[in-house]
Amino acid sequence: MTHPALGAASNDDGWSMKVQAEVRATEGYPVVLPCSFTHPHHTLHSSLQVVWRLGHGQGSTVLYHCSSPTRARTCQPDPQQDQRYRLEGNPREHDLSLRINSAALQDNGRYYCRVEVPGHAHASYEDKMGTRLRVEAAPRILGLSVEGSEEAGYRAQCRVQGSPLPDVQWLGPDELMEGSDISPLSQESLEQHHTTSQLRDVLPGQQYTCSASNPLGKDQATLYMLPPRQVQVSGEAPPLLLLLSLSLGFKVLLLLGMVVWLPQGGGPAWLRCWFK
């Protein structure tokens with residue numbers, strides 16, 4: 001986690017507040033958003049209220065709110081407070097720093113801290129610039145699928161998540177695949193951290209690997225497409241044999257025409273799709 005230089009804001013009423021312009025965090029680890037303040041009221045015995053918001057204005061979301069009654073040494077959060085958020089600092093010591101446990105990509109955004117001293121006219125202050133939180137995450141393959149038909153051809157799609165946005169490559173049976181057969185199917189806004197890559201002209205009976213990487217790591221998934229088979233039933237086949245033949249045909253159609261996605265070691269043996 002890195003911290004750029006502190007930024008300070010003040011006004012003519014004697015209030016001032018210091019926050020980080022930007023904080024970087026890693027997915028799954030805790031992160032602290034620093035915030036400290038001074039105010040012109042010399043007594044420390046007044047009641048205090050602390051509010052942290054994600055976003056600004058009417059569309060903002062209150063993430064944390066606590067109250068510290070007169071002469072109390074702690075700030076009591078609301079009963080319904082999400083336990084992922086808590087104060088790292090002590091408001092009585094002018095420290096409003098917020099701790100977020102297990103940072104997630106969804107936590108990316110701009111955060112604003114506010115302090116209020118009830119009972120005093122205009123006794124509140126909020127930093128207007130806020131702190132930009134950037135959560136980084138190693139690549140994770142969210143889905144691997146095959147669609148199409150024998151007549152129109154098959155296409156493999158690989159949906160990936162990560163920050164910075166991962167670079168996606170396809171590997172065929174023997175080599176890295178490049179050129180016109182590969183295309184980025186979609187790339188959502190940077191706030192979503194998702195991208196989808198498509199590989200055209202996928203051939204039954206072959207193995208294909210989707211590999212995603214960024215500076216924090218690498219993830220890959222491999223699929224193997226079973227070649228289509230024709231099941232022939234001659235004469236009066238026993239009911240059990242006919243049932244098995246139909247079941248096998250259904251499984252092959254499921255593999256070739258629908259989404260293929262199983263974790264390592266999962267699923268029946270006939271479906272040869274695994275992770276490496």
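Of all heavy-atom pairs between Val146 and Leu223, the closest is CG2-CD2, 3.8 Å. Contact record, Leu165 with His193: CD1-C, 3.5 Å, taken as the closest heavy-atom pair. Of all heavy-atom pairs between Pro204 and Tyr154, the closest is CG-CE1, 3.8 Å. Minimum heavy-atom separation, Val50 to Pro91: CG2-CG, 3.9 Å. For the residue pair Arg84 and Asp107, the shortest heavy atom distance occurs at NH2-OD2, 2.6 Å. Of all heavy-atom pairs between Thr209 and Thr222, the closest is OG1-OG1, 2.7 Å.
Under the 4.0 Å criterion applied to side-chain N and carboxylate O atoms, Glu22 and Arg24 are assigned as salt-bridge partners. Ion pairing between Arg155 and Asp201 fails under the 4.0 Å rule for side-chain N and carboxylate O.
Although no hydrogens or angles enter the test, the distance criterion places no donor-acceptor pair under 3.5 Å between the side chain of Asn214 and the main chain of Ala138. Using a distance-only test at 3.5 Å, with no hydrogens or angles considered, no donor-acceptor pair links the side chain of Thr26 to the main chain of Tyr29. Here the side chain of Tyr208 pairs a donor or acceptor atom with the backbone of Leu203 at under 3.5 angstrom. Checking side-chain atoms of Gln81 against main-chain N and O of Arg86 turns up no donor-acceptor pair under 3.5 Å. Here the side chain of Ser60 pairs no donor or acceptor atom with the backbone of Leu54 at under 3.5 angstrom. Although no hydrogens or angles enter the test, the distance criterion places a donor-acceptor pair under 3.5 Å between the side chain of Ser68 and the main chain of Thr74.
Between Ser47 and Ser67 the shortest side-chain heavy-atom distance does not fall below 4.5 Å. You'll find the side chain of Phe37 stays beyond 4.5 Å of the side chain of Asp127, heavy atoms only. In this structure, Val19 and Tyr111 have side chains that are not in contact, with every pair of non-hydrogen atoms separated by 4.5 Å or more. The closest side-chain heavy-atom distance from Ile100 to Leu33 is below 4.5 Å. The side-chain heavy atoms of Cys75 and Asn90, taken from C-beta on, include no pair separated by under 4.5 Å. Looking at Gln20 and Pro34, their side chains come closer than 4.5 Å, going by heavy atoms from C-beta outward. Residues Pro139 and Gln161 form no side-chain contact, since every pair of their non-hydrogen atoms from C-beta on lies 4.5 Å or further apart. The shortest distance between side-chain heavy atoms of Cys35 and Met17 falls below 4.5 Å.
The hydrophobic clustering, which links ILVMFWY residues whose side-chain heavy atoms are closer than 4.5 Å, places Val32 and Tyr112 apart. Leu96 and Val51 are assigned to two separate hydrophobic clusters, defined by single-linkage of ILVMFWY side chains at heavy-atom distances under 4.5 Å. Leu105 and Leu216 fall into different hydrophobic clusters, defined by Ile, Leu, Val, Met, Phe, Trp and Tyr side-chain heavy atoms under 4.5 Å apart, directly or through other members.
Here the options are Thr196, Asp219, Leu144, Thr195, the test is side chain to side chain contact (heavy atoms under 4.5 Å, CB included), and the partner is Val160; only Thr195 passes. A side chain to side chain contact (heavy atoms under 4.5 Å, CB included) with His65 holds for exactly one of Gln49, Arg53, Gln76; it is Gln49.
One distance of note links CG of Leu142 with CZ of Arg159; it measures 5.5 Å at 0.5 Å rounding. Note that OG of Ser163 is 8.5 Å distant from CZ of Arg134, once rounded to the nearest 0.5 Å. Here the CG-OH distance, from Leu98 to Tyr85, works out to 8.0 Å after rounding to the nearest 0.5 Å. Atom-to-atom distance recorded for Trp52:CH2 and Ser97:OG is 7.0 Å, nearest 0.5 angstrom.
Sorted by first and then second residue, the pairs that involve residues 126-158 and meet disulfide bond (SG atoms under 2.5 Å apart), not counting sequence neighbours, are Cys158-Cys210.
Take Arg110 and apply the salt bridge (charged side-chain N to carboxylate O under 4.0 Å, His left out) test, not counting sequence neighbours, and it matches no residue. Qualifying salt bridge (charged side-chain N to carboxylate O under 4.0 Å, His left out) partners for Arg114, counting only residues two or more places apart in sequence or in other chains: Glu116, Glu126.
Ser197 and Trp170 are linked by a side-chain donor-acceptor pair at a separation below 3.5 angstrom, with hydrogens and angles left out of the test.
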- Message: Between His94 and Ser36, is the side-chain contact (heavy atoms from CB on, under 4.5 Å) condition met? List the steps.
- Response: CA-CA 6 Å; His94 296 181; Ser36 61; 5.5 Å; no
